[in-house]
Amino acid sequence: QVQLVESGGGLVQAGGSLRLSCVVSGGTFASYGMGWFRQAPGKERAFVAAIRWSGGETYYADSVKGRFTISRDNAKNAVYLHMNSLESDDTAVYYCAIHPAGGLYSYSNRNKYTNWGQGTQVTVSS
């Protein structure tokens, strides 16, 4: 059974940085595309970033371009989200998810992701 465990969330001041981690157990991590989504209170879960199986291509929501960086380490079965210049609008629960197609078709569509972690809370104080 595939499991995803996120960590690294917390409380940070606006302008600060955090790094989220997601470790995947089970399955064949190196073949998966991986994504990060977030859900703020009262809002739908929204795409943040995605990375192809090889790490060679990455994709970002417009709201985080230039501030967030997604990366992966296939040797550690891990995907990361480096978040800089955090803003109050970044406050949300952040989820990592598996896209079964390493090529990440429809990468921003959460319905294409098959497995999700439990989420980690990020709170940005202004």
Side-chain angles (χ1 to χ4, degrees):
Q1 183 176 356
V2 178
Q3 289 189 318
L4 298 82
V5 179
E6 301 101 332
S7 62
L11 174 64
V12 63
Q13 287 189 330
S17 300
L18 281 175
R19 187 184 82 156
L20 305 184
S21 300
C22 172
V23 177
V24 178
S25 60
T28 52
F29 178 78
S31 70
Y32 301 143
M34 295 296 299
W36 284 96
F37 287 74
R38 65 187 182 186
Q39 187 165 18
K43 294 187 177 181
E44 292 190 350
R45 194 168 298 188
F47 169 74
V48 175
I51 187 166
R52 286 198 175 192
W53 68 273
S54 64
E57 292 193 31
T58 56
Y59 309 91
Y60 297 94
D62 288 343
S63 59
V64 306
K65 277 181 184 176
R67 299 188 299 122
F68 289 12
T69 303
I70 187 171
S71 63
R72 66 189 294 161
D73 185 340
N74 286 348
K76 295 182 178 180
N77 284 9
V79 62
Y80 307 99
L81 187 67
H82 306 258
M83 306 186 294
N84 297 319
S85 302
L86 283 161
E87 305 167 353
S88 56
D89 285 348
D90 296 319
T91 295
V93 177
Y94 283 71
Y95 300 89
C96 65
I98 289 172
H99 192 302
L104 278 176
Y105 66 92
S106 299
Y107 57 82
S108 63
N109 183 346
R110 65 179 184 267
N111 295 321
K112 300 300 183 184
Y113 291 77
T114 55
N115 301 82
W116 296 81
Q118 83 290 349
T120 185
Q121 175 71 47
V122 172
T123 303
V124 183
S125 64
S126 56

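Remember, it's a predicted structure, so these values are computed and weren't measured experimentally.
Every residue meeting the ring pair (Phe, Tyr, Trp, His ring centres under 6.0 Å) condition with F47, not counting sequence neighbours, appears here in chain and number order: F37, Y107. Qualifying side-chain hydrogen bond (donor to acceptor under 3.5 Å, both in side chains) partners for K65, counting only residues two or more places apart in sequence or in other chains: D62. Not a single side-chain hydrogen bond (donor to acceptor under 3.5 Å, both in side chains) links S85 to another residue, sequence neighbours left out. With sequence neighbours left out, R110 forms a side-chain hydrogen bond (donor to acceptor under 3.5 Å, both in side chains) with no residue at all. A46 meets the side chain to side chain contact (heavy atoms under 4.5 Å, CB included) test with no other residue; sequence neighbours excluded. Every residue two or more places apart in sequence or in another chain was checked for a side chain to side chain contact (heavy atoms under 4.5 Å, CB included) with D89, and none qualifies. Evaluation of the side chain to side chain contact (heavy atoms under 4.5 Å, CB included) rule for S63 yields R38, A61 as partners, not counting sequence neighbours. Residues passing the salt bridge (Lys or Arg N to Asp or Glu O under 4.0 Å) test with R67 are E87, D90, sequence neighbours excluded. Under the rule for a side-chain hydrogen bond (donor to acceptor under 3.5 Å, both in side chains), the partners of Q39 that lie at least two apart in sequence or sit in another chain are R45.
The main-chain N or O of G26 is never found under 3.5 Å from a side-chain atom of N77 such that the two would form a donor-acceptor pair.
The side-chain heavy atoms of V2 and Y32, taken from C-beta on, include a pair separated by under 4.5 Å. A 4.5 Å side-chain heavy-atom check between I98 and M34 finds at least one atom pair inside the cut-off. Put simply, the side chain of L20 does not reach to within 4.5 Å of the side chain of E6, judged on heavy atoms.
The two residues A50 and Y113 make their nearest non-hydrogen contact at CB-OH, 3.7 Å. S71 and V79 make their closest contact through O-CG2, 3.2 Å (heavy atoms, listed as atom of the first residue, atom of the second, distance). Contact detail for N109 and N111: the closest heavy-atom pair is OD1-N, 2.9 Å. Here the closest non-hydrogen pair linking L18 and G8 is CD2-O, 3.8 Å.
Chaining together hydrophobic side chains whose heavy atoms lie under 4.5 Å apart leaves V5 on its own.
The hydrophobic cluster containing V64 does not contain V93, counting ILVMFWY residues as joined when their side-chain heavy atoms lie under 4.5 angstrom apart, directly or transitively. The cluster map of Ile, Leu, Val, Met, Phe, Trp and Tyr, joined by side-chain heavy atoms under 4.5 Å apart, puts L86 and Y60 in the same cluster.
Geometrically, R72 engages F29 in a cation-pi contact, judged by NZ or CZ lying under 6.0 Å from the ring centre and within 45° of the ring axis.
Counting only residues at least two apart or in different chains, ring-ring contact (aromatic ring centres under 6.0 Å, His included) contacts with residues 64-97 are absent.
Atoms CD1 and SG, from I70 and C96 in turn, are 9.5 Å apart once rounded to the nearest 0.5 Å. For the atom pair OG1 (T69) and CE (M83), the distance works out to 11.0 Å, reported to the nearest 0.5 Å.
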Give every donor-acceptor pair under 3.5 Å between a side-chain atom in residues 119-126 and any protein atom, sequence neighbours left out.
{"residue": "T120", "atom": "OG1", "partner": "G9", "partner atom": "N", "Å": "3.1"}
{"residue": "Q121", "atom": "NE2", "partner": "A92", "partner atom": "O", "Å": "3.4"}
{"residue": "Q121", "atom": "NE2", "partner": "T123", "partner atom": "OG1", "Å": "3.3"}

